[in-house]
Amino acid sequence: MLPRLLCTSLIVGGLAVAGGCSKSEPSKAELDSASAPIKASAVIEKKPGVEKAPQSGVDYHSFANSNDYQVQHLDLDLTVDFSRKVLEGEAKLDFKRLNDKNLPMVLDTRELEVVSVSANGAPVKFSMGEKDSHLGTPLNIELPEDADSITIRYRTAPGASGVQWLEPQQTAGKKHPFLFTQAQAIHARSFIPLQDSPKVRITYNATVRTPKELRAVMSANNDPQAAKDGVYEFEMPQRIPSYLIALAVGDLKFKPMGERTGVYAEPSMLESAAAEFADTESMLEVTEKAYGPYHWDRYDLLILPPSFPFGGMENPRLSFITPTVIAGDKSLVALIAHELAHSWSGNLVTNASWRDLWLNEGFTTYLTNRIMQFVYGDERYQMEMALGYDDLQADLADKEPRDEIMAIDLRGRDPDEVFSNIPYEKGSLFLYELEQKVGREAFDRFLMEYFNHFSFQSITTEDFVKYLDKTLLVEHADKLDRERILEWIFDPGIPEGAPHPKSDAFTKLDPVRQQWLDGKLAAKDIDTKGWTFHQWKYFLDGMPEKLTEAQLKELDGAFGLTESRNNEVAFSWLMIAVRNDYEPAFERLENFLTSIGRNKFLRPLYRNMVETGKKDVAARIFERAKVGYHPLTVKVNSLVIYGKKES
Ligand SMILES: [Zn+2]
């Protein structure tokens, strides 16, 4: 996902060892990979109260006993009830037994009301276990010895963490309600009872029943020609992890952009979205050429209402996209490259647990930059890389050492709350260093083979290192240092001598900014003709902590920053306005915070307000805005503003 996005964006939580989670024992394969000759993190081992590093391949964020049973296929039949804000129906899970113990099957749920459970057609006993604040509630099911499928009748809670119900006034068209799901990281369990772990891959079929005037789409084979009769059928024939199951329902229209690409959006946004993202087909073609075949048939985009908490979500065949990147000049389409790249890194080769998220996001961020270069050229590539590097530096300055580790220890913590740029930008910088050392051609070949080798598999950090041991580290033994690679993955910070991507388009702005700060150049005399949003962002983000009222007025007067229609530029400016108490921008700040739900923007702004003594203002705006926010946005920003979760 991307918060960028974060794909997603976030952080907190006390350190504890796998609390409250009734896990089955790790399998032999997991223990083998845990005991592989790979450096354990010295930092984790030295932490008081934590006895050992997390075990590779163990999912500390799922109750499911996926080492006893492995679900293979899901048949979903759901009715969408907008008046009650409930999804209601049944999930049939076909599973394979991995041993003959016939233990109760444990599934993940969160706030689900389970009505009945049957196995191969006959009712069976079930019970709900103890609720965990991060993980939800285990559903324990007693199985007859010959059972190979179970059917669960259930309904979701109106406040389900993975489902957002929007009132008509929260949509672009204002006439119809809208619904979308967001399952990553551990929210699929709030709308489907299942083994909610990225190491379990399933195929699915779904029937979704909606009000007749609306259209349903899923991360599956969407048919834009399907009659709008209130019943939609879907099939996802490729095996995907549960966090990629996604559904949206609304007043949606479709417009093709290319042979395999198109866009779904509310009617009023359809044309502008299709124009903004017109290069999607070219992106798809260049990525295939460099990294191997696209395995998912079509690649369509779904444009969501502004409350979507992330930049985008890489739901297979149908990425979910925030409308905040429709800038009118394609300046923010790196987000599309990012979600598309996930079709290889993430959806095809998937992190086995959330500790391994960097395998999804680091590879995807690296690929994003390369796609931007293929399609838009070197200057854009350098700028994207340099901005990513700056984001990484900002996070490194801000995080505790344990959260700077790519293979992060998330035991006892909620993955949503630990979200940061580290798996994205540090992961990408690491791959960029490998590329620099072995040469681009060799590295591209390696990536293509890696995606092919692990296609449709979920892998751990240790699987990746073992693969490196057999490939790049053999082929380029003279150029690579294994210890240094382990330092990148298992230690905080970045290794000494790491690459520092720069862009001439940015560095030439440094003296301009300095001259203005020194009073030697008036803002109105700065030649900003042809500046891209990237340059505006760089120019603004490089401003000192404090500016005078006169300086703020001069900048705003010369460039109309408070009124900027580019959300990234507006965000950078509002961050400056907040920390300098620049009141003329506060009305825009309030509008921005109440009309956009993207956490990449909201969280830093709220945090900045709290840290600069404006907690009351932050709380007032948040309380007014939160009815329009996604449950995740409410959760993480409550933490920022009040230091605790909403009850
Ligand atoms: Zn992502």
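Counting from 1, the numbers follow the sequence of the chain as shown.
- With hydrogens and angles ignored, the 3.5 Å screen pairs a side-chain donor or acceptor of Lys426 with a backbone N or O of Glu404.
- In summary, of the residues considered (Trp488, Phe490, Phe363, Tyr366), a ring-ring contact (aromatic ring centres under 6.0 Å, His included) with Phe430 occurs for Trp488 alone.
- Looking at Asp581 and Lys546, no side-chain N of the basic residue comes within less than 4.0 Å of a carboxylate O on the acidic one, giving no salt bridge.
- A donor-acceptor contact shorter than 3.5 Å is absent between the side chain of Arg189 and the backbone of Gly162.
- Under the 4.0 Å criterion applied to side-chain N and carboxylate O atoms, Asp390 and Lys502 are not assigned as salt-bridge partners.
- Separation of the Tyr629 and Phe308 ring centroids does not fall under the 6.0 Å cut-off.
- No side-chain donor from either of Ser343 and Glu314 sits under 3.5 Å from a side-chain acceptor of the other.
- Other residues, nucleotides and ligands place more than 12 heavy atoms under 6.0 Å from the NZ atom of Lys330.
- Every residue two or more places apart in sequence or in another chain that forms a side-chain contact (heavy atoms from CB on, under 4.5 Å) with Arg298 is listed here: Phe254, Asp300.
- Other residues, nucleotides and ligands contribute only 12 or fewer heavy atoms inside 6.0 Å of the CD atom of Glu587.
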| field | Worked verdict on Arg620 versus Glu623 for salt bridge (charged side-chain N to carboxylate O under 4.0 Å, His left out) | value | CA-CA 5 Å; Arg620 180 182 62 73; Glu623 290 303 320; over 6 Å; no
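- Between Arg355 and Asp59, no side-chain nitrogen of the basic residue sits less than 4.0 Å from a carboxylate oxygen of the acidic one, so the salt-bridge criterion is not met.
- The existence of a salt bridge linking Arg402 and Asp409 is excluded, since no basic side-chain nitrogen approaches an acidic carboxylate oxygen closer than 4.0 Å.
- Although no hydrogens or angles enter the test, the distance criterion places no donor-acceptor pair under 3.5 Å between the side chain of His500 and the main chain of Ala386.
- No donor-acceptor contact under 3.5 angstrom links the side chains of Ser307 and His630, judged on distance only.
- In summary, Glu167 and Lys85 engage in a salt bridge, as defined by a charged side-chain N under 4.0 Å from a carboxylate O.
- Take Pro501 and apply the side-chain contact (heavy atoms from CB on, under 4.5 Å) test, not counting sequence neighbours, and it matches Met385, Tyr389, Leu429, Tyr432.
- Thr461 and Asp356 share a side-chain donor-acceptor pair at under 3.5 Å.
- Listed by first and then second residue, the salt bridge (charged side-chain N to carboxylate O under 4.0 Å, His left out) pairs that reach into residues 560-576 are Glu568-Lys600, sequence neighbours excluded.
- Looking at Ser331 and Asp329, their side chains do bring a donor and an acceptor atom within 3.5 Å of each other.
- With Phe601 as the aromatic partner, Arg598 meets the cation-pi criteria of under 6.0 angstrom to the ring centre and within 45 degrees of the ring axis.
- Donor-acceptor pairing under 3.5 Å is recorded for the side chains of Ser319 and Tyr299.
- Under the 4.5 Å side-chain criterion, counting only non-hydrogen atoms from C-beta, Thr280 is not in contact with Leu340.
- If you check the side chains of Tyr538 and Asp510, you find a donor sitting under 3.5 Å from an acceptor.
- Listed for the Glu425 side chain is no donor-acceptor partner under 3.5 Å among the backbone atoms of Gly427.
- Applying ring-ring contact (aromatic ring centres under 6.0 Å, His included) to Trp573 and the options Phe539, Tyr582, Phe559, Trp536 leaves one that passes, Tyr582.
- The pair Lys253-Glu266 does not meet the salt-bridge criterion, since no charged nitrogen lies less than 4.0 angstrom from a carboxylate oxygen.
- Checking side-chain atoms of Ser219 against main-chain N and O of Leu244 turns up a donor-acceptor pair under 3.5 Å.
- Between the side chains of Tyr424 and Asp395, no donor N or O sits under 3.5 Å from an acceptor N or O.
- Open room surrounds CD on Glu379; 12 or fewer heavy atoms of other groups in view lie less than 6.0 Å from it.
- Shown here is Glu611, whose CD atom has more than 12 heavy atoms of other residues, nucleotides or ligands within 6.0 Å.
- Each of Asn567, Asn566, Asp541 was checked for a side chain to side chain contact (heavy atoms under 4.5 Å, CB included) with Ser572, and the lone residue meeting it is Asp541.
- At distances below 3.5 Å, at least one donor-acceptor pair connects side-chain atoms of Ser345 with backbone N or O atoms of Ala341.
- The main-chain N or O of Lys399 is never found under 3.5 Å from a side-chain atom of Asp403 such that the two would form a donor-acceptor pair.
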